[in-house]
Engineer: 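The structure under discussion is supplied below as structure tokens; questions concerning it will follow.
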Amino acid sequence: MKTISFFDLKSIDHLGKDIAAFSAMLNIAEVQAVSNGGINLELSLRYEGTDSIEIHNPLYFVQYILAGSDKTQLFNNTKPPIPLINRQGPIDPNIDFSFNILGIQKNGENQNIHEQVNVPTLTFNKSDRQSYFLQISKYLNQRTRQPEDIPEGIYQLEVIFSIINAGKGANGPQSRTLKAQDISIRLQKESGN
């Protein structure tokens, strides 16, 4: 298992101490079996601020870029972030995201996926950790315009997401965009080979 720290796309020096108190990690096996159904990863968000903070659901802003080893063929997600979808009714974790949600934990406790994806804001207290267990399993074939399973191969993955303060600060809501990149994954018939 490889652990990768997310980095900020912009300086956070101008941000309030609460939103700057988040750290994010990506845990991923560098060799994975096709029989698992796709590329599995864990995105973990930890808060070390002194005051509680309310943020917009970070799951709504998770995006990824998945490229073949030659970086010319893309296996990207095709769905926009949840706030950009004009929808009626609850969010469906099985169809509204461009990845599968295998599990969600808060401080090690399993959460109800359907309930969690329909919570627009989350409150974090000191030392809270929220983990999202995700799977990238399908891509839109540009030739056939049909979703297909991600085939065996070597891939380069980038994951990007935003943390957006839901509170009203002196200068309006503050946000951070974080990225993990240069993640190499081999998807093969058996993970042990």
Side-chain angles (χ1 to χ4, degrees), residues 1-7 9 23-46 57-82 84-85 91-118 129-163 177-193:
M1 187 72 64
K2 184 174 185 176
T3 300
I4 298 142
S5 295
F6 280 83
F7 63 90
L9 291 181
S23 62
M25 305 295 280
L26 183 79
N27 296 310
I28 189 165
E30 294 175 278
V31 177
Q32 298 192 30
V34 171
S35 60
N36 289 338
I39 297 171
N40 296 328
L41 57 104
E42 175 191 356
L43 189 159
S44 272
L45 191 57
R46 186 169 184 87
N57 193 331
L59 196 56
Y60 294 177
F61 303 99
V62 174
Q63 298 287 296
Y64 65 87
I65 297 171
L66 184 66
S69 59
D70 62 0
K71 296 189 180 181
T72 58
Q73 185 175 9
L74 297 178
F75 298 86
N76 287 346
N77 53 320
T78 56
K79 296 182 181 175
I82 294 296
L84 300 179
I85 297 172
I91 295 167
D92 185 337
N94 299 316
I95 61 173
D96 288 333
F97 294 91
S98 58
F99 44 82
N100 299 325
I101 303 168
L102 305 177
I104 300 174
Q105 290 182 350
K106 181 154 189 179
N107 300 326
E109 304 256 338
N110 289 330
Q111 304 293 301
N112 179 294
I113 294 171
H114 191 269
E115 287 175 10
Q116 288 294 303
V117 301
N118 283 285
R129 177 180 171 164
Q130 185 98 353
S131 296
Y132 301 98
F133 300 89
L134 309 177
Q135 181 183 69
I136 301 168
S137 61
K138 301 276 186 198
Y139 76 101
L140 185 65
N141 183 312
Q142 295 301 318
R143 190 174 31 81
T144 65
R145 305 299 297 161
Q146 296 296 315
E148 293 184 11
D149 292 339
I150 295 175
E152 289 180 56
I154 298 173
Y155 297 95
Q156 294 295 314
L157 176 65
E158 289 184 6
V159 179
I160 301 168
F161 77 101
S162 295
I163 302 170
T177 300
L178 298 109
K179 182 178 185 181
Q181 65 183 20
D182 299 326
I183 306 158
S184 182
I185 303 131
R186 176 184 298 272
L187 193 59
Q188 59 188 33
K189 286 188 180 172
E190 295 299 322
S191 62
N193 296 339

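Throughout, numbering of the chain's residues begins at 1 and tracks the sequence.
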Engineer: Mind checking side chain to side chain donor-acceptor pair (under 3.5 Å) for Glu115 and listing every partner two or more places apart, or none if nothing turns up?
Structural biologist: none
Engineer: Here's a test for you: under ring pair (Phe, Tyr, Trp, His ring centres under 6.0 Å), which of Tyr64, Phe61, Phe6 qualifies with Phe161?
Structural biologist: Phe6
Engineer: According to ring-ring contact (aromatic ring centres under 6.0 Å, His included), who are the partners of Phe97, at least two apart in sequence or on a separate chain?
Structural biologist: Phe99
Engineer: Residues two or more places apart in sequence or in another chain: which of them pass side-chain contact (heavy atoms from CB on, under 4.5 Å) with Ser5?
Structural biologist: Met25
Engineer: Applying ring-ring contact (aromatic ring centres under 6.0 Å, His included), name anything that partners Tyr155, two or more places apart in sequence or on another chain.
Structural biologist: Phe75
Engineer: Could you list the residues that satisfy side chain to side chain donor-acceptor pair (under 3.5 Å) with Glu158, not counting sequence neighbours?
Structural biologist: Lys179
Engineer: Ignoring hydrogens, what is the shortest heavy-atom contact between Val117 and Tyr60? Give both atom names and the distance.
Structural biologist: O-OH, 2.7 Å
Engineer: Show me the pairs that pass salt bridge (charged side-chain N to carboxylate O under 4.0 Å, His left out) and involve residues 59-69, at least two apart or across chains.
Structural biologist: none
Engineer: Under the rule for side chain to side chain donor-acceptor pair (under 3.5 Å), what residues qualify as partners of Asn57, not counting sequence neighbours?
Structural biologist: none
Engineer: When you measure from the side chain of Glu148 to the backbone N and O of Gln146, does any donor-acceptor pair fall under 3.5 Å?
Structural biologist: no
Engineer: Compare every heavy atom of Ser184 with every heavy atom of Ile154, then report the nearest pair and how far apart it is.
Structural biologist: CG2-OG, 4.1 Å
Engineer: Using the salt bridge (charged side-chain N to carboxylate O under 4.0 Å, His left out) rule, collect all pairs that involve residues 29-44, keeping only residues at least two apart or in two chains.
Structural biologist: Lys2-Glu30, Glu42-Arg129
Engineer: I'd like to check the side chain to side chain donor-acceptor pair (under 3.5 Å) partners of Ser23; sequence neighbours left out, ordered by chain and number.
Structural biologist: none
Engineer: Quick one: salt bridge (charged side-chain N to carboxylate O under 4.0 Å, His left out) pairs with a partner in residues 60-69, sequence neighbours left out?
Structural biologist: none
Engineer: Partners of Asn100 by side-chain contact (heavy atoms from CB on, under 4.5 Å), sequence neighbours excluded?
Structural biologist: Leu102, Gln135, Ser137
Engineer: If you compare all heavy atoms of Val34 against all heavy atoms of Glu152, which two are closest, and at what distance to 0.1 Å?
Structural biologist: CG2-CG, 3.4 Å
Engineer: For Arg145, enumerate each residue passing the side-chain contact (heavy atoms from CB on, under 4.5 Å) test, keeping only those at least two apart in sequence or located in another chain.
Structural biologist: Leu140, Gln142
Engineer: Can you see which heavy atom on Gln116 is nearest to which on Gln130, and at what distance?
Structural biologist: OE1-NE2, 3.4 Å
